[in-house]
Enquirer: 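To start, I am sharing the structure in question, which I have written as structure tokens.
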Amino acid sequence: MKVFKNKSIDIGQFEEGILSGDRIILAKAITLIESSLIADQHQAEELIEKLLPKTGNSIRLGITGVPGVGKSTFIETLGLYLTSLKKKIAVLAVDPSSIKTKGSILGDKTRMDELAKHPLAFIRPSSTGGSLGGVAHATREVILLCEAAGFDVIIIETVGVGQSEITVREMTDFFLLLILAGGGDELQGIKKGIMEMADGFVITKVDSENVKPALIAQANYQQALHLFNPSESGWMPEVLTTSAFTKKGIPEVWTMIQKFESVTKATGFFDEQRTQQDIFSFHHGVDEAVRNFVTDKSKNLLTALEQKVKSKQLSPRIAARMVLTKIQEMKS
Ligand code: GDP
């Protein structure tokens, strides 16, 4: 396989390489998307535009759960099961901790080792620094690249903290929450909002002495779900039990996802949700562009006004309005 230096790849080569499933070119294109250089960003935009008609043909699967719940072991086991069905799997990550450390939840090479080596799988750590918004924006575009490269299932992993779950929910078709069956009140510690976002629940590590508490937890979750209002999607979330060690329950997870896809495609929700996500992403992009523009154009003014807000000379709202007024003056 030919190895290109980034500079020598033009848009046509990127396009051709991605459409033929060349993962070296795919990885280079992802680097281009994650780049903060203006020239790279323009090239990335042009590439996405060219590939857009070839996107959309995957199921986008969001997976979350607290650290230690068994996410990476589960994703590897599910991924290997899917490759046994000849599905092409991409695993991406949105990881808020990587923003601080510039590391990544997928950065540890020992994670998902077997899946990483599989010819039908592609695993990409999220290595973008910057804001969660920036990572989210890049990940949305990476999903499109992976779809153009022919991946059937795209898994976006996130750790169960902060805003990242909402971010991943907003870019995926099916959102899966992994949970542990504890001894006490199973529902404690999981925010109701996260439960309401999930299309499916998987109790992990259901092997040996965990089996009995898991069945109790399953019944509790099923009961709790009945208290929620029926969803507009026509889909009723399911609670399954799995063990990544014994592989029990793994095929059932895939059956659930396929059922979701056929139910929500029939009701029209599947396509509607994707359209809403695109519109949301557009608005988010506008917000970000405006913020960048303002920061770029009026750095000194922002610093000066921030000082006045700090010393209580100005209210935050008035200070914000003054920025807008100043920019309007600059334009006229
Ligand atoms: P993550 O932090 O959510 O990605 O969790 P990991 O996949 O790294 O797993 C955390 C720990 O749980 C590891 O020690 C795994 O070996 C263990 N584990 C993962 N899946 C299973 C399982 O199905 N059964 C049992 N008994 N342990 C598991």
Side-chain angles (χ1 to χ4, degrees), residues 30 32-36 38 40-62 64 92-96 98-99 126 128-148 154 156 158 161-175 191 193-194 196-199 231-233 264 267-299 301-302 305 316-328 330-331:
I30 294 175
L32 196 69
I33 281 176
E34 291 173 347
S35 165
S36 53
I38 299 290
D40 287 349
Q41 284 174 8
H42 287 157
Q43 206 183 10
E45 278 166 19
E46 200 184 326
L47 180 62
I48 293 287
E49 209 177 305
K50 279 202 180 315
L51 292 173
L52 212 52
K54 302 280 171 20
T55 64
N57 294 321
S58 78
I59 178 100
R60 303 165 184 172
L61 182 59
T64 192
L92 315 172
V94 168
D95 173 15
S98 75
I99 293 159
S126 76
T128 330
S131 66
L132 178 59
V135 173
H137 182 71
T139 308
R140 276 198 192 90
E141 295 192 331
V142 175
I143 291 175
L144 298 176
L145 288 188
C146 290
E147 287 179 344
I154 300 174
I156 324 288
T158 186
V161 287
Q163 188 70 16
S164 66
E165 282 160 324
I166 299 169
T167 304
V168 172
R169 165 68 287 188
E170 280 160 356
M171 63 173 82
T172 48
D173 304 312
F174 187 97
F175 194 62
K191 291 161 263 164
I194 303 292
E196 281 176 338
M197 277 176 359
D199 301 299
S231 155
E232 56 191 297
S233 63
T264 57
T267 61
F269 177 82
F270 191 92
D271 290 332
E272 182 54 30
Q273 177 170 254
R274 281 197 176 178
T275 306
Q276 288 305 325
Q277 288 174 345
D278 282 347
I279 291 172
F280 171 83
S281 173
F282 162 65
H283 284 289
H284 188 82
V286 172
D287 289 350
E288 208 170 74
V290 170
R291 203 170 29 250
N292 288 343
F293 177 80
V294 169
T295 312
D296 199 40
K297 292 281 172 218
S298 51
K299 226 180 181 83
L301 178 69
L302 287 183
L305 289 174
R317 194 185 155 102
I318 292 173
R321 209 200 306 275
M322 285 170 79
V323 175
L324 195 69
T325 311
K326 187 83 188 163
I327 284 175
Q328 278 166 334
M330 283 192 313
K331 293 302 276 176

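These values consider heavy atoms only, across backbone and side chains, with no hydrogens, waters or symmetry-generated copies.
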Enquirer: Any chance you could measure Leu302, atom CG, to Thr295, atom OG1, to the nearest 0.5 Å?
Expert: 6.0 Å
Enquirer: Please assess Ile33 against Ile48 for the test side-chain contact (heavy atoms from CB on, under 4.5 Å), listing each intermediate value before the final yes or no.
Expert: CA-CA 9 Å; Ile33 281 176; Ile48 293 287; 3.8 Å; yes
Enquirer: Output all residues satisfying side chain to side chain donor-acceptor pair (under 3.5 Å) with Ser298, sequence neighbours left out; order by chain, then residue number.
Expert: none
Enquirer: Tell me every residue that passes ring pair (Phe, Tyr, Trp, His ring centres under 6.0 Å) with Phe174, counting only those two or more places apart in sequence or in another chain.
Expert: Phe260
Enquirer: For the OG1 atom of Thr139 and the CD atom of Glu34, what is their distance to the nearest 0.5 Å?
Expert: 7.5 Å
Enquirer: Suppose we screen for salt bridge (Lys or Arg N to Asp or Glu O under 4.0 Å). Which residues come up paired with Arg140, at least two apart in sequence or across chains?
Expert: none
Enquirer: Could you name each residue pair satisfying salt bridge (charged side-chain N to carboxylate O under 4.0 Å, His left out) that touches residues 273-294, not counting sequence neighbours?
Expert: Asp173-Arg274
Enquirer: Can you list every pair that meets side-chain hydrogen bond (donor to acceptor under 3.5 Å, both in side chains) and has a residue in residues 45-57, with sequence neighbours left out?
Expert: none
Enquirer: Can you tell me how far apart CZ (Arg169) and CD1 (Ile156) are? Round to the nearest 0.5 Å.
Expert: 11.5 Å
Enquirer: Please name the pair of heavy atoms, one in Ser233 and one in Thr267, separated by the smallest distance, quoted to 0.1 Å.
Expert: O-OG1, 3.0 Å
Enquirer: Of the non-hydrogen atoms in Leu305 and Ala319, which two are nearest, and what is the gap between them?
Expert: CD1-O, 3.5 Å
Enquirer: Going by heavy atoms in the side chains, are Leu51 and Leu144 under 4.5 Å from each other?
Expert: no
Enquirer: Check Phe270 against Ile59 and note the closest heavy-atom contact, atom names and distance.
Expert: CE1-CD1, 3.9 Å
Enquirer: Where do Ala136 and Met171 come nearest, in terms of heavy atoms and distance?
Expert: O-CE, 3.7 Å
Enquirer: Return yes when atom CD of Glu232 has more than 12 non-hydrogen atoms of other residues, nucleotides or ligands closer than 6.0 Å, and no otherwise.
Expert: no
Enquirer: Under the side-chain contact (heavy atoms from CB on, under 4.5 Å) test against Thr64, which residue among Val168, Thr158, Val94 passes?
Expert: Thr158
Enquirer: Kindly write out the residues that satisfy salt bridge (Lys or Arg N to Asp or Glu O under 4.0 Å) with Glu141, not counting sequence neighbours, or none if the list is empty.
Expert: none
Enquirer: What heavy-atom pair brings Arg60 and Ser58 nearest, and what distance separates the two atoms?
Expert: CG-OG, 3.7 Å
Enquirer: Find out whether Leu47 and Leu145 are in side-chain contact, i.e. whether some heavy atom of one side chain is under 4.5 Å from a heavy atom of the other.
Expert: yes
Enquirer: Nearest 0.5 Å, please: how far is CD1 in Ile279 from NE2 in His284?
Expert: 15.5 Å
